[in-house]
Amino acid sequence: MKHLMDINDLTLSQIDQLIATANDIIADKDKYKDVCKGKKLATLFFEPSTRTRLSFEAAMIELGGSILGFSEAQSSSAAKGESVTDTVQTVGCYADIIAMRHPKEGAPLAASKRTTVPIINAGDGGHSHPTQTLADILTIHREKGRLSNMTVGVCGDLKFGRTVHSLINALSRYEGNEYICISPKELVIPDYVKANILEKNKIEYIETTDMEEYMPSLDILYMTRVQRERFFNEADYVRLKDSYILTPDKLKSAKPDLSIMHPLPRVNEISVKVDDDPRACYFKQVVNGKYMRMALILMLLGIEVK
Amino acid sequence: MKIDSIVNGIVLDHIAAGNSLRIYKFLNLDDLECSVAVIRNCRSKKYGRKDVIKIDSIIDMNLDVLGYIDPNITVNIIRDGKIAEKKHLELPERLVNVIKCHNPRCITSIEQEVDHIFKLTDRENIIYRCAYCETKSDKEEIW
């Protein structure tokens with residue numbers, strides 16, 4: 001694998017390898033502190049991001065490497081009308097590896113055809129965000145000790161939520177996972193996800209509007225935000241918005257080892273009162289994301305640490 | 001109706017009835033200087049009705065494009081009045097600059113020099129998706 005554009009670019013054994021490396025980094029950070037000395041990561045963010053860009057930069061710094069780049073298109077030559085592919089080809093002359101976010105879908109793939117430097121898709125519009133999925137996978141693996149035989153609840157905006165589609169896609173490659181898709185009717189999971197992933201792989205799933213009914217059966221609850229602008233009328237939004245806010249009350253019937261996840265940023269869909277619940281994993285996802293990005297940088301640079 | 005036999009040329013046979021003019025247009029056959037016959041709605045043992053196009057010259061033809069438009073077409077290459085070669089088409093795995101991606105959020109909508117690449121993702125239902133954004137192709141839009 002030269003670049004990472006989509007979670008499916010990784011084989012299951014490569015995902016296992018990334019998990020093993022990330023866990024090894026967590027266990028012995030010192031061992032990794034200089035392994036990328038002299039290497040440069042360029043973070044090319046054509047649209048703003050807090051978590052992902054800082055996570056990539058922190059990852060490279062913790063590996064002993066350096067960082068360069070820009071955090072918005074206005075501070076790059078894109079503002080002068082340079083094409084994305086030209087910008088990336090130029091940066092490829094300075095950096096050893098590139099993490100790139102762009103509002104247009106497929107921009108990192110187009111750029112990857114013009115440079116020999118490994119490119120990581122750090123989010124391309126609503127299309128794909130594979131390193132978020134890697135963060136989710138490591139979190140599930142660390143919390144559950146497995147990636148198979150789980151009942152996974154996905155809740156909120158299942159229509160536009162790329163992180164949900166990508167997680168379902170990734171976990172569908174492991175045996176015995178089933179899904180409870182909890183959303184308002186306006187935001188159900190798209191047909192192509194049902195047809196191409198769930199039904200094609202004969203995976204059991206239930207679509208429901210009721211979070212509480214299925215709460216006791218869940219091993220994982222992956223929350224996403226229900227956005228006001230997705231509704232056709234305000235009345236529907238007001239009627240439904242509280243149904244998808246997770247509170248301590250709604251968690252009363254949940255399993256003691258439930259893992260509550262969220263790709264962040266959250267607005268109000270998880271009450272801050274849930275943050276102290278030991279089952280809350282969303283800030284662990286942030287930390288794990290950095291370790292998975294460290295493991296990914298090492299894999300793409302072909303650096304093996306004994 | 002009598003159409004002269006071809007000595008050296010190409011016959012596109014088993015075109016789905018009604019599709020010949022679209023194929024004529026898509027292959028830019030009106031740019032050719034040789035004779036081209038479009039025969040519509042003739043009897044077919046295989047399909048009931050079919051269209052046929054006869055081209056009185058052996059020209060380069062993008063068979064991937066033709067396979068995408070209608071994989072049931074048979075391409076007969078005629079030399080010295082005889083069928084020298086018979087090609088049965090199939091759906092190509094990949095199409096480059098044949099279909100345009102119409103997703104306004106796709107990188108191809110702003111980068112002029114990026115090839116429009118579509119991949120066959122479901123052979124049974126003939127579904128192609130953009131390699132960049134995975135938008136499903138709209139077959140009607142290429143015509």
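To find a chain, count down the sequence lines: A is the first, B the second, and so on, and within it residues start at 1. The shown structure was predicted, so the numbers you read here are calculated from the model rather than taken from an experiment.
In this structure, A:E82 places its CD atom where more than 12 heavy-atom neighbours from other residues, nucleotides or ligands lie under 6.0 Å away. Residue-environment remark: OH (A:Y94) stays at or below the threshold of 12 foreign heavy atoms within 6.0 Å. Counting heavy atoms of neighbouring residues, nucleotides and ligands inside a 6.0 Å radius, atom CZ of B:R94 does not exceed 12 of them. Counting heavy-atom neighbours within 6.0 Å of B:D60 CG, excluding the residue itself, gives a total of 12 or less. Applying the 6.0 Å contact sphere to NZ of B:K82 captures no more than 12 heavy atoms from other residues, nucleotides or ligands. Within a 6.0 Å radius of NZ in A:K194, other residues, nucleotides and ligands contribute more than 12 heavy atoms.
You'll find the side chain of B:R129 reaches within 4.5 Å of the side chain of A:Y192, heavy atoms only. At a threshold of 4.5 Å between non-hydrogen side-chain atoms, the residues A:N196 and B:E134 do not count as touching. Put simply, the side chain of B:I117 reaches to within 4.5 Å of the side chain of A:K113, judged on heavy atoms.
For B:N103, the part lying under 4.5 angstrom from a heavy atom of chain A is the side chain only. Neither the backbone nor the side chain of B:T108 comes within contact range of chain A; no heavy atom of the residue lies under 4.5 Å from a heavy atom of that chain.
Ion pairing between A:R114 and B:E113 holds under the 4.0 Å rule for side-chain N and carboxylate O.
Contact between A:L109 and B:Y132 at its shortest, heavy atoms only, is CD2-CD2, 3.7 Å.
A donor-acceptor pair is defined here as one N or O able to donate and one able to accept, closer than 3.5 Å; no such pair exists between the side chain of A:K104 and the backbone of B:E111.
Note that the OG1 atom of A:T85 and the CD1 atom of B:I107 stand 7.5 Å from one another [nearest 0.5 Å].
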